[in-house]
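Both ligands and their constituent atoms are indexed starting at 1 by order of listing.
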Amino acid sequence: MDYAPHLAQCRRLLALMQDDGDVLPAEVFHMTPDVYWRPEHFALERERLFFRAPLVLGHAALLPRPGDTLVLDVLGQPLLLVRGRDRQIRGFLNVCRHRGTRLCNAKEGEGGEVLHRTNFTCRYHNWVYDLDGRLKHVPLEDAFPGLDRAAYGLTRIPLAVREGVIFGMIDPDATMDIDGFLAGIDGDLAAHGFGGMHVYARRLARRKANWKLIMDAFLESYHVVRLHQSTIAPFFMDKMAVMDRLGPHQRSLLARQEFVELADLPEAAWDGRRHCTFAYAIFPNTILVLSPDYTSMLTMYPEAADQTLYCHTMLTPHAPRDAKEDDHWRRSLELIEGGVFQAEDLFIAEQAQIGMASGANKTMVYGRFEASIRSFHESVDEWTGARSVVETR
Ligand code: FES
């Protein structure tokens with residue numbers, strides 16, 4: 001471990017384990033369940049947050065070759081991410097400029113396949129666009145006297161790739177300050193080497209839960225040894241986690257059972273994957289979990305107040321080098337995606353969704369080990385102007 005902020009966080013976690021430092025907030029807090037189910041609140045989030053903030057749209061390793069194309073609908077916006085012949089990744093609205101037909105059929109929800117195209121031909125009247133979005137061909141072009149093809153290229157969305165992660169804005173008229181947005185977390189992305197990772201698998205699922213309920217499940221460690229008692233609980237120490245706010249983003253560190261070795265090891269021998277697990281919340285809707293030899297990138301795309309398209313991209317340091325390594329990562333994927341995320345975290349989020357509008361809880365109470373949830377919702381509130389955390393005294 002040689003990245004100074006990681007070392008500093010690790011020292012804090014060690015102090016917590018040794019009971020030397022009181023790093024936890026002292027008080028409980030309360031939140032209103034309304035923000036998880038009211039359509040009016042969802043409309044606020046759609047307009048003020050998701051149409052204004054850079055969002056994680058994928059990983060560049062999904063699109064290794066010119067012509068590789070990712071089709072993704074986000075908040076009703078049909079998107080195309082395309083690797084051009086110049087190897088740049090561009091983002092477009094997946095909409096024909098003639099009469100507005102969707103250009104590529106969405107594959108999402110069916111496995112999230114990446115398409116390969118040499119151009120984009122609209123099925124309706126066969127207008128043809130190049131990989132960089134330029135309109136290349138119009139059948140019977142004489143029927144459009146004065147048509148300026150240069151003015152009818154595909155509509156671009158703001159897009160940037162940082163350390164392999166593709167960030168974009170779904171409003172084509174928005175401007176994106178990606179460096180300002182990622183300030184504070186950009187060094188972490190570089191330190192973990194995200195840019196060089198391989199996409200081992202990508203899984204999508206549509207679940208009946210508010211996107212924030214799913215985010216919440218990955219923001220606190222209180223549940224880890226309880227909800228996950230038949231899967232990953234034996235790997236982790238209870239209560240041992242610390243969090244740093246990095247602007248609207250978060251860096252969390254959880255102690256694995258091996259963390260007890262740290263007290264007797266020089267700092268140069270601390271291993272950020274073996275002794276502990278880093279987890280990040282990239283605001284607003286992405287979680288990164290760094291397991292010992294792979295990384296899970298989870299992005300929650302809201303579709304309604306009570307429905308979310310969940311996307312898990314499993315990243316490995318490289319492509320499997322032999323059958324044994326492939327088998328190891330395949331079994332890891334089965335455990336983490338099927339056994340942990342789907343069957344436990346997402347299942348529980350759906351069960352919680354049912355309770356949100358029931359009237360059982362006028363407010364909900366969060367303890368000292370759930371403070372990261374408060375930070376996250378305060379960041380959401382800064383964008384929406386709403387108030388999730390409520391005063392109960
Ligand atoms: Fe696409 Fe007519 S709508 S070519």
Side-chain angles (χ1 to χ4, degrees), residues 42-43 46-47 50-60 62-161 166-176 199 202 204 206 299 301-304 307-309 311 313:
F42 182 71
R46 182 181 191 281
E47 178 193 339
F50 282 92
F51 270 72
R52 294 185 187 175
L55 305 174
V56 171
L57 299 178
H59 192 283
L62 277 167
L63 309 172
R65 301 169 300 165
D68 286 346
T69 301
L70 184 65
V71 181
L72 180 69
D73 284 12
V74 178
L75 272 291
Q77 287 288 79
L79 309 179
L80 285 180
L81 307 186
V82 185
R83 174 87 71 178
R85 290 179 223 284
D86 59 359
R87 302 206 58 77
Q88 296 300 307
I89 295 176
R90 297 180 179 84
F92 305 102
L93 293 183
N94 182 13
V95 176
C96 178
R97 293 295 312 284
H98 177 214
R99 281 168 48 197
T101 302
R102 178 191 285 273
L103 208 50
C104 287
N105 288 326
K107 294 278 186 180
E108 305 304 337
E110 304 167 20
E113 298 92 327
V114 170
L115 312 177
H116 186 73
R117 292 284 188 271
T118 53
N119 59 46
F120 300 100
T121 302
C122 179
R123 190 175 168 196
Y124 204 170
H125 311 96
N126 294 172
W127 282 27
V128 180
Y129 303 88
D130 210 345
L131 298 179
D132 59 8
R134 281 178 296 171
L135 178 60
K136 297 295 287 181
H137 175 68
V138 174
L140 305 178
E141 194 164 355
D142 290 351
F144 298 88
L147 180 78
D148 177 10
R149 273 201 240 150
Y152 282 86
L154 295 178
T155 303
R156 295 276 293 268
I157 58 167
L159 190 122
V161 180
I166 305 171
F167 293 89
M169 298 187 70
I170 62 176
D171 178 353
D173 297 323
T175 53
M176 182 164 71
V199 175
R202 185 164 174 263
L204 292 109
R206 199 160 265 123
T299 303
Y301 300 110
E303 295 186 328
Q307 182 168 295
T308 301
L309 178 67
C311 177
T313 305

Considering non-hydrogen atoms of the protein only, which is the closest contact for atom 2 (Fe) of ligand 1, and what is the distance?
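So the nearest neighbour among protein heavy atoms is His125 ND1, 2.0 Å.
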Within the 4.5 Å heavy-atom criterion, are Leu131 and Phe120 side-chain neighbours or not?
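A side-chain contact under 4.5 Å exists here.
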With heavy-atom distances below 4.5 Å as the criterion, would you say the side chains of Asp171 and Arg52 are in contact?
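With C-beta onward as the side chain, the pair stays apart.
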Over 60° means perpendicular and under 30° means parallel, so classify the ring planes of Trp127 and His98, tilted if in between.
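Geometry flag for Trp127 against His98: parallel rings.
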When you measure from atom 3 (S) of ligand 1 to each heavy atom in Arg123, Arg99, Arg97, Arg102, which option holds the nearest one?
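Looking at heavy atoms only, Arg99 sits closest to atom 3 (S) of ligand 1.
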Under 4.0 Å from any heavy atom of Cys122, which atoms of ligand 1 are there?
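This gives 1 (Fe), 3 (S), 4 (S) as the contact atoms.
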Under 4.0 Å from a heavy atom of Cys96: which atoms of ligand 1 are those, numbered in the order shown and with their elements?
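It comes down to these atoms of ligand 1: 1 (Fe), 3 (S), 4 (S).
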By atom name, which N, O or S atom belonging to His98 lies closest to atom 2 (Fe) of ligand 1?
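Considering only N, O and S atoms, His98 comes nearest to atom 2 (Fe) of ligand 1 through ND1.
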Is the count of non-hydrogen atoms from other residues, nucleotides or ligands lying under 6.0 Å from Tyr152 atom OH greater than 12?
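Incorrect, the count does not exceed 12.
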Can you tell me if CZ on Phe144 sees more than 12 non-hydrogen neighbours from other groups inside 6.0 Å?
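Enclosed.
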Please work out whether any backbone atom (N, CA, C, O) or any side-chain heavy atom from C-beta onward of Trp127 is under 4.0 Å from ligand 1, and answer side chain, backbone, both or neither.
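The answer is both, backbone and side chain.
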